[in-house]
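Reading through the structure tokens given below for one structure.
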Amino acid sequence: MTTDRTPAEPGKPTDETSSGPRSPEEGKRNATPAREPGEGSAGRPAQRSGDGPGEGAGDGPEDGGESAEAAEAPQPSTGRQRLVNGLWPPRLTRAQLIVALLLFGLGLGLAIQVRSTNESSVLRGARQEDLVRILDELDNRTERLHEEKQRLEKQQTELENSSDQAEEARKQTAQKERQLAVLAGTVAAQGPGITMKIDASGSAVESDMLLDAVQELRAAGAEAIQIGKVRVIASTYFSDVGGAVEIDGRKVTQPYVIKVIGKPEDLEPALNIPGGVVQSLEKEQATVSIERSEKIVVDALRSAKRPDYARSSSR
């Protein structure tokens with residue numbers, strides 16, 4: 001005796017409700033066709049375990065929690081993670097690497113050029129009054145050169161127009177000799193000028209700084225210079241020996257006193273220009289004072305030496 005039963009759903013075991021043996025016809029009618037490997041019920045391909053909840057071996061209700069914990073869904077990546085993944089590790093081609101190196105070299109060169117320009121340009125940060133003083137100094141030098149030119153042209157005119165050119169030549173020669181004697185330091189000289197005092201006690205004032213001062217004074221029109229007891233001439237040299245300064249082999253003690261004959265209005269501004277001698281000495285913790293005077297006496301003398309090889313070419 002058989003009872004009515006609903007067809008079993010695919011993938012689920014059928015529940016047997018009959019208690020008695022089945023007839024052969026009923027067994028044939030209820031028998032399911034043999035499935036080939038890889039096919040599920042109703043001729044569909046068999047799903048692998050884990051393809052869906054409740055299907056396949058081990059997908060019963062008792063295995064659902066374990067499979068859910070084992071196969072967790074990947075978390076979506078954030079924008080920061082995507083950015084890091086895109087930038088690292090870097091993917092550079094050879095052409096991109098060459099371009100990057102060229103741009104780096106160009107930027108480095110521009111930075112060095114800008115820095116050197118700023119350091120070498122002393123006047124870039126100067127005040128307006130300092131710039132006006134520098135312009136005045138340049139105008140004064142131009143004026144002195146123009147006066148020298150006029151003086152030489154006047155001498156030439158006197159020689160050409162003098163009735164006694166020989167006497168005029170001797171007069172100019174004697175005047176030139178006196179001027180050269182002052183420049184050579186063989187005679188004493190006096191005239192208006194300045195006295196510069198450098199107190200370098202406990203500071204690092206070296207010979208090159210004194211040489212810079214002498215060169216600046218010469219450019220400003222100094223005609224006679226004396227440092228301490230040493231007369232400064234064209235062949236004068238400066239050196240550092242044992243922490244002291246020597247001029248022409250003679251030691252000069254501190255404070256350094258420099259006597260200069262020339263136009264005071266030109267000499268003092270030349271030393272006080274921005275980035276000039278005075279500022280350089282003050283950076284070395286030296287004290288500098290400049291005093292103008294209408295009478296400066298330069299009495300240190302140099303012996304006139306006859307040159308060994310040079311001879312006058314004039315006849």
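A pairwise comparison of heavy atoms in Ile233 and Ala184 identifies CG2-O, 3.2 Å as the closest pair. Considering every non-hydrogen atom in both Ile296 and Ser293, the closest pair reads CD1-CB, 3.6 Å. Between Ala189 and Ala224, the shortest heavy-atom contact is CB-CB, 4.5 Å. Of all the heavy atoms in Ala213 and Leu271, the pair that sits closest is O-CD2, 4.4 Å. Between Ala300 and Lys229, the shortest heavy-atom contact is CB-O, 3.7 Å. Listed here is the closest heavy atom pair of Pro264 and Gly262: CD-O, 3.2 Å.
Residues Leu217 and Leu267 meet the side-chain proximity criterion, which asks for heavy atoms closer than 4.5 Å. Using a 4.5 Å heavy-atom cutoff, the side chains of Thr236 and Arg302 are in contact. The closest side-chain heavy-atom distance from Asp248 to Arg231 is not below 4.5 Å. Put simply, the side chain of Ile247 does not reach to within 4.5 Å of the side chain of Tyr256, judged on heavy atoms. The shortest distance between side-chain heavy atoms of Glu206 and Val245 does not fall below 4.5 Å. Considering only heavy atoms from C-beta on, Lys251 stays 4.5 Å or farther from Val241 through its side chain. With a 4.5 Å cut-off on side-chain heavy atoms, Val252 and Leu210 do not count as touching. A heavy-atom distance below 4.5 Å is not found between the side chains of Asp199 and Lys197.
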* Asked: Would Met196 and Val288 count as a side chain to side chain contact (heavy atoms under 4.5 Å, CB included) if you check the C-alpha gap in whole Å, the side-chain angles of each, and the deciding distance to 0.1 Å?
  -> CA-CA 7 Å; Met196 181 179 181; Val288 182; 3.7 Å; yes

* **Stepwise side chain to side chain contact (heavy atoms under 4.5 Å, CB included) test for Asn272 and Ile290** => CA-CA 10 Å; Asn272 288 316; Ile290 300 175; 4.2 Å; yes

* To do: Would you sort out whether Glu143 and Asp139 count as a side chain to side chain contact (heavy atoms under 4.5 Å, CB included), showing the intermediate values?
  => CA-CA 6 Å; Glu143 184 179 356; Asp139 292 339; over 6 Å; no

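Expressed to the nearest 0.5 Å, how far CD of Gln175 lies from CD of Gln179 amounts to 5.0 Å. Here the CG atom belonging to Leu103 is positioned 12.0 Å from the CD1 atom belonging to Ile98, to the nearest 0.5 angstrom. Atoms CD1 and CG, on Ile227 and Leu211 in that order, are 9.0 Å from each other to the nearest 0.5 Å. Atom CD1 of Ile225 sits about 10.0 Å away from atom CG of Leu183, to the nearest 0.5 Å. The structure places CD of Glu294 at 9.5 Å from CZ of Arg292, a figure rounded to the nearest 0.5 Å.
Enclosure of atom CD in Glu147 by more than 12 non-hydrogen atoms of other residues, nucleotides or ligands within 6.0 angstrom is indicated. Within 6.0 Å of CD on Glu153 lie more than 12 heavy atoms contributed by other residues, nucleotides or ligands. Heavy-atom neighbours of Glu291 CD from other residues, nucleotides or ligands within 6.0 Å: at or below the threshold of 12.
Judged purely by atom type and a 3.5 angstrom limit, Asp240 uses its side chain to pair as donor or acceptor with the backbone of Ser207. Checking side-chain atoms of Gln226 against main-chain N and O of Asp299 turns up a donor-acceptor pair under 3.5 Å.
Each of Ile273 and Val214 belongs to its own hydrophobic cluster when Ile, Leu, Val, Met, Phe, Trp and Tyr are linked at side-chain heavy-atom distances under 4.5 angstrom.
For Glu148 and Arg151, the salt-bridge test passes: some basic side-chain N is under 4.0 Å from an acidic carboxylate O.
For the side-chain contact (heavy atoms from CB on, under 4.5 Å) test with Ile258, the passing option among Val232, Ile194, Ile198 is Ile198; the others fail.
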